[in-house]
2 protein chains.
Amino acid sequence: MSKNLKYISSLLAVDCLIFGFENQMLKVLLIKRKLEPYQNEWSLMGGFLKREESADESASRVLKELTGLDGVFMEQIKTFSKYDRDPTERVISIVYSSLIDVRKFETLLNQEYEARWFKITEVPDLLFDHAEMVIAGRDHLKKKAALQPILFELLAEKFTLPQIQQLYEEVFEANFDKRNFSRKLLASKLLKKLDEKDKSGSKKGAFYYQLDKQTNHYNFNILLNLAYSQL
Amino acid sequence: MSKNLKYISSLLAVDCLIFGFENQMLKVLLIKRKLEPYQNEWSLMGGFLKREESADESASRVLKELTGLDGVFMEQIKTFSKYDRDPTERVISIVYSSLIDVRKFETLLNQEYEARWFKITEVPDLLFDHAEMVIAGRDHLKKKAALQPILFELLAEKFTLPQIQQLYEEVFEANFDKRNFSRKLLASKLLKKLDEKDKSGSKKGAFYYQLDKQTNHYNFNILLNLAYSQL
DNA sequence: ACAAAAGTGTTGTGCATACACCCATGG
DNA sequence: CCATGGGTGTATGCACAACACTTTTGT
């Protein structure tokens, strides 16, 4: 089949959309090549598939090689395959979305690139079709977060209710009533209240919560209607 | 970059999951090769990407070439990329899901294959990883159908309330109360009642409805909670 | 006249929303 | 003591779920 010139073979790339939550803002991690080709162009973190690698494996490897992070929540979003998306040669890209705790990312391991967090609403011009990828990933995040409690992946182990509310407000571009929000979230039985307080945000301090790992029978549809006007 | 042997290039395939609704049952269209290789193995309808084709274009073309159908609802689902998924050579497959009106599909245009509709719960053993694709597609259909009124794509132009309720029951593997179901569905303002009746299913006959194309401001979250216990 | 499927209305309940005040603390 | 942000309770309305009977017509 491969001999048949009617059909084409292509390099396989993965690109990783990396979300983080920092200073109450939803951000994405972008990189910029310091050298040619594509010097100074911002793009998603990416790489090519190796010989015996699946895209899932490749995406995890790329993330690990660049950030040192392991065991991160990742999900395949969409494959981009326009024949001229990379003008130099045919490459299709399988895009992944991952959610990381920004505090765990320290520095890029690969010196050929520079990395920076961008507010999701202030993403610069990007290489190739990477801007579309950001849109697709963001859209996917909304849908996913409405149906499942994944946004905790963006927070530290311990977090406060005001923090997580701000996160939801960022993701859904909406404001929620704090009384209703906390009532619903706590009703999901997902959280365990700690004795400790975070005093950094206010004088009174806000109690820390943790994901309660016991809870497998959670009611999470609970957060759906917060959000579904926007799906 | 392509010279670098660390990275691999691969054939690009699309596979189409084709859903239909026939005799009150949700079905998928599968094909079987009559000749070697893979003689008599059931599989999804697929094909390879051509030189200047995107995956979207390729999927539409494949569908058209095999069924003659055009302008069908199609959506990219997921890309399958395990290196040995096709044991003869590396091929990655971008899977699409499409919804067609079974009455519009008459016969396979390509004589190398035989085609048959299978009840979704009675899919036979399939080639390579195609069984996983069916699962992914079905799952996707549920989520999509809960949020958007797409199941109409599976019905004829005119359809009755009992018909569409059976369709929803099939897709969500649940039973709905017909009074509540019709109230909700009609509240969405998506449907226009016709004067005509379908007498095939009962002596009394059921009124036909049609999608009302005017309605762009529909309330479709209306059908969400029918379904979201299952997403 | 009867069987078989279509169609229709009411009620209770729980959930989402809207809304305002007190609390704790650091400065 | 006061400014700042954290935390909590209640009342209202709406939407969902549960439920049973009447209508039509072909045989």
Side-chain angles (χ1 to χ4, degrees), chain A residues 23-24 146-147 155 158-170 172 174-210 218-231, chain B residues 23-24 146-147 155 158-170 172 174-210 218-231:
Chain A
N23 299 331
Q24 336 279 42
L147 298 169
L155 296 168
K158 301 183 292 189
F159 46 82
T160 66
L161 288 180
Q163 274 166 21
I164 194 163
Q165 177 168 354
Q166 277 144 5
L167 173 51
Y168 271 88
E169 291 181 339
E170 275 285 297
F172 292 105
N175 295 312
F176 303 123
D177 180 277
K178 64 178 172 175
R179 291 161 287 192
N180 296 334
F181 185 88
S182 75
R183 189 182 320 114
K184 277 182 184 181
L185 195 58
L186 296 173
S188 77
K189 302 284 185 198
L190 279 167
L191 301 187
K192 196 165 61 188
K193 190 177 190 173
L194 305 182
D195 291 331
E196 207 180 339
K197 277 187 164 186
D198 167 28
K199 299 248 187 180
S200 70
S202 72
K203 312 183 169 167
K204 181 176 178 183
F207 279 104
Y208 278 119
Y209 288 78
Q210 242 184 359
Y218 60 85
N219 320 13
F220 197 72
N221 27 20
I222 220 94
L223 277 185
L224 217 160
N225 7 14
L226 274 181
Y228 77 160
S229 54
Q230 316 186 34
L231 296 183
Chain B
N23 299 332
Q24 336 278 41
L147 298 169
L155 297 168
K158 301 183 293 189
F159 46 83
T160 65
L161 288 180
Q163 274 165 22
I164 196 166
Q165 179 169 350
Q166 276 144 7
L167 172 53
Y168 271 87
E169 292 182 339
E170 275 283 297
F172 292 106
N175 295 312
F176 304 123
D177 179 278
K178 64 179 172 175
R179 292 161 288 192
N180 295 335
F181 185 87
S182 75
R183 190 182 318 113
K184 276 184 182 178
L185 197 58
L186 296 172
S188 78
K189 302 282 187 204
L190 278 168
L191 300 186
K192 195 166 63 187
K193 189 177 190 173
L194 305 183
D195 291 330
E196 205 180 339
K197 277 187 164 184
D198 167 28
K199 298 250 186 176
S200 69
S202 72
K203 309 180 171 168
K204 183 175 180 183
F207 279 105
Y208 278 119
Y209 288 78
Q210 243 184 357
Y218 60 85
N219 318 14
F220 198 73
N221 27 20
I222 218 95
L223 277 186
L224 219 161
N225 7 16
L226 275 182
Y228 76 160
S229 54
Q230 317 187 32
L231 296 183

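Here is the naming used below: chain letters follow the sequence lines, and residue numbers restart at 1 for every chain.
- Closest heavy-atom contact between B:D177 and B:R179: OD1-N, 2.9 Å.
- With rounding to whole Å, B:Q163 atom CD is found 16 Å from C:dG7 atom C1'.
- Taking atom CZ of B:F181 as the reference point, atom P of C:dG7 lies 13 Å away to the nearest angstrom.
- Between B:Q165 atom CD and C:dG7 atom P the separation is 11 Å, expressed in whole Å.
- In the model, B:Q166 has no side-chain atom that pairs as donor or acceptor with a side-chain atom of B:E170 under 3.5 Å.
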Can I get a per-line list of side-chain donor-acceptor pairs under 3.5 Å for residues 199-210 of chain B, giving both atom names and the distance, sequence neighbours left out?
{"unit_1": "B:S200", "atom_1": "OG", "unit_2": "B:D198", "atom_2": "OD1", "d": "2.7"}
{"unit_1": "B:S200", "atom_1": "OG", "unit_2": "B:D198", "atom_2": "OD2", "d": "3.3"}
{"unit_1": "B:S202", "atom_1": "OG", "unit_2": "B:G205", "atom_2": "N", "d": "2.9"}

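- A heavy-atom distance below 4.5 Å is found between the side chains of B:L185 and B:I164.
- To the nearest angstrom, C1' of C:dG7 lies 11 Å from CG of B:L186.
- For the pair B:L191 CG and C:dG7 C1', the computed distance is 15 Å after rounding to whole Å.
- A heavy-atom distance below 4.5 Å is found between the side chains of B:L191 and B:F159.
- Note: CZ (A:F207) to P (D:dG5) measures 19 Å, nearest angstrom.
- For the pair A:L185 CG and D:dG7 C1', the computed distance is 14 Å after rounding to whole Å.
- B:E169 places a side-chain N or O within 3.5 Å of a backbone atom of B:F176 that can act as its donor or acceptor partner.
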How does protein contact run along nucleotides 18-27 of chain D, one letter per nucleotide 5' to 3', with B for base contact, S for sugar-phosphate only, - for none, heavy atoms under 4.0 Å?
BBB--BBBB-
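- In this entry the distance linking NZ of A:K193 with P of D:dG6 reads 13 Å, nearest Å.
- Closest to the side chain of A:A206, from the set C:dA6, C:dA16, D:dG6, is D:dG6.
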